[in-house]
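Encoded as structure tokens, the structure appears first; notes follow it.
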Amino acid sequence: MSIQTEKIAKKVTVSTIRNMKGKEPITMVTAYDALFANLFDGSVEMILVGDSLNMSFSGKADTLSANMELMIYHTKAVCMGAKLPLIVLDMPFGAYMTKSLALKNATRVYRETDAHAVKIEGGKERAEIIKTLTDASVAVMGHIGLMPQYVRSEGGYKVRGKDQEDIDRLVEDAKAIEKAGAFAIVVEGVKAEAAQAITEAVSIPTIGIGAGVSTDGQVLVWSDMFGFFEDFKPKFVKQYMNGGKLIRDALGNFVDEVKNRKFPSDEFTY
Ligand code: KIV
């Protein structure tokens, strides 16, 4: 097994990401705090402060109740912890319903945090909003396919790109987002053939999650990939460690030692 040991040495910018298409796969993980952002610093090109934090950090059933205050709070923390990756703030549901609202909230992101870009869910229907932001010099990452903020309007989380008609629709969405000036697109929960068609149709990088191997990069939610989120495990999540078990075992040792007056021993005593 070969392990990626080479560290990223230079600050990653929007141009770095754009230029990686077709050359080297791009890595992105989520982070919600300075501690984990610091652990990820120098290993991945991008950190997404995803609104998934509403579920894995805040324990809610979906992402819909995340708001700008929450996203800005967590993004500030992530920016304190990680200096090299490009940091993307996920615009929460309701924060970009109109062009003026999107501009107001994206301006807040740049004024109040050190994030480099915002992410917006939606296809063609969001193109004008994305253009408004990119025209105002805000870097935007798109997000198509399975879009968690559409969970109630779509009636659930549904894998996309199962037939040619839907693949064509997704490709049109991706092209509209590219034309609106986005620098990259997250492609979530789509059949691998659809992700490949999208990736080939645009000249900006696609970052896949549950989209197969042919996208220009991959993103995973940190608490899923390290085995801390145990409520359910979608098919596309590979657990690189069993964090939940490691924590429970370690905590069990602590409890045991305290109960048996083994901790603190002389070594940990003044
Ligand atoms: O909120 C999030 O973490 C995301 C990823 C799943 C891409 O949008």
Side-chain angles (χ1 to χ4, degrees), residues 17 25-33 36-37 40 44-68 70-75 77-78 82 85-96 105 109 115-123 126 130 139-152 154 156-160 170 173-174 177 182-190 195 198-199 204-212 215-226 228-229 231-239:
I17 299 300
I26 300 162
T27 53
M28 177 160 92
V29 292
T30 66
Y32 314 133
D33 60 55
F36 277 86
F40 304 155
V44 289
E45 279 86 19
M46 291 193 278
I47 290 184
L48 171 67
V49 187
D51 62 355
S52 53
L53 68 81
N54 209 46
M55 298 169 77
S56 59
F57 186 89
S58 304
K60 305 274 172 52
D62 58 37
T63 61
L64 299 184
S65 55
N67 58 33
M68 284 303 295
L70 187 74
M71 298 311 298
I72 283 179
Y73 173 84
H74 285 276
T75 302
V78 167
L86 184 105
I87 296 172
V88 182
L89 177 148
D90 206 1
M91 293 286 266
F93 180 73
Y96 52 94
N105 282 322
V109 173
H116 309 94
V118 298
K119 178 166 82 59
I120 283 188
E121 289 184 17
R126 301 279 186 230
I130 294 174
V140 178
M141 173 179 273
H143 183 154
I144 59 171
L146 185 160
M147 296 176 288
Q149 291 179 13
Y150 288 55
V151 61
R152 294 191 202 167
E154 295 278 319
Y157 299 106
K158 295 188 181 136
V159 174
R160 297 278 311 272
L170 289 165
D173 282 340
I177 291 170
F183 73 96
I185 310 176
V186 166
V187 179
E188 177 168 1
V190 305
I198 296 163
T199 302
I204 53 174
T206 55
I207 312 293
I209 174 163
T215 49
D216 298 300
Q218 297 289 333
V219 53
L220 282 177
V221 171
W222 83 265
S223 42
D224 290 340
M225 67 190 288
F226 299 132
F228 287 98
F229 188 71
D231 291 359
F232 61 90
K233 191 186 89 60
K235 177 180 164 67
F236 64 82
V237 170
K238 177 167 177 186
Q239 284 186 346

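Counting starts at 1 for both ligands and their atoms, in listed order. Bear in mind the structure is a predicted one, so any value in this text is a computation, not a measurement. What's counted below: heavy atoms across the whole structure, side chains too, no hydrogens, waters or symmetry copies. Just so you know, residue 1 is the first one in the sequence shown, and it goes up from there.
Every residue was checked against the salt bridge (charged side-chain N to carboxylate O under 4.0 Å, His left out) condition with R126, not counting sequence neighbours, and none meets it. Annotation: side chain to side chain donor-acceptor pair (under 3.5 Å) contacts of S223 (sequence neighbours excluded): S56.
In this structure, atom 8 (O) of ligand 1 lies nearest to the protein heavy atom K119 NZ, 3.0 Å. Protein heavy atom closest to atom 7 (C) of ligand 1, with residue, atom name and distance, is L48 CD2, 3.7 Å.
The environment of OH in Y73 is sparse: at most 12 heavy-atom neighbours from other residues, nucleotides or ligands sit within 6.0 Å. At most 12 non-hydrogen atoms from other residues, nucleotides or ligands lie less than 6.0 angstrom from CZ of F57.
No N or O atom of Y32 sits closer than 3.5 Å to an N or O atom of ligand 1. In terms of N/O distances under 3.5 Å, ligand 1 is approached by S52. An N or O contact shorter than 3.5 Å is missing between T30 and ligand 1 by distance.
Side chain of Y96 to backbone of I130: no donor-acceptor contact under 3.5 angstrom is found. Counting only distance, with no hydrogens or angles, the side chain of D224 and the backbone of V237 share no donor-acceptor pair below 3.5 Å. Between the side chain of T206 and the backbone N or O of I185 there is no donor-acceptor pair closer than 3.5 Å. Judged by distance alone, the side chain of E188 and the main-chain N or O of M147 form no donor-acceptor pair under 3.5 Å.
For H143, the closest heavy-atom approach to ligand 1 falls below 4.0 Å.
For ligand 1 and G50, the ligand atoms under 4.0 Å from any heavy atom of the residue are 1 (O), 2 (C), 3 (O). Close contacts between ligand 1 and I209 involve ligand atoms 6 (C) [criterion: under 4.0 Å to a heavy atom]. Interface of V221 with ligand 1, defined as ligand atoms under 4.0 Å from a residue heavy atom, comprises 3 (O).
Under 4.0 Å from ligand 1, not a single heavy atom of L53 appears. For D90, every heavy-atom contact with ligand 1 shorter than 4.0 Å involves the side chain, none the backbone.
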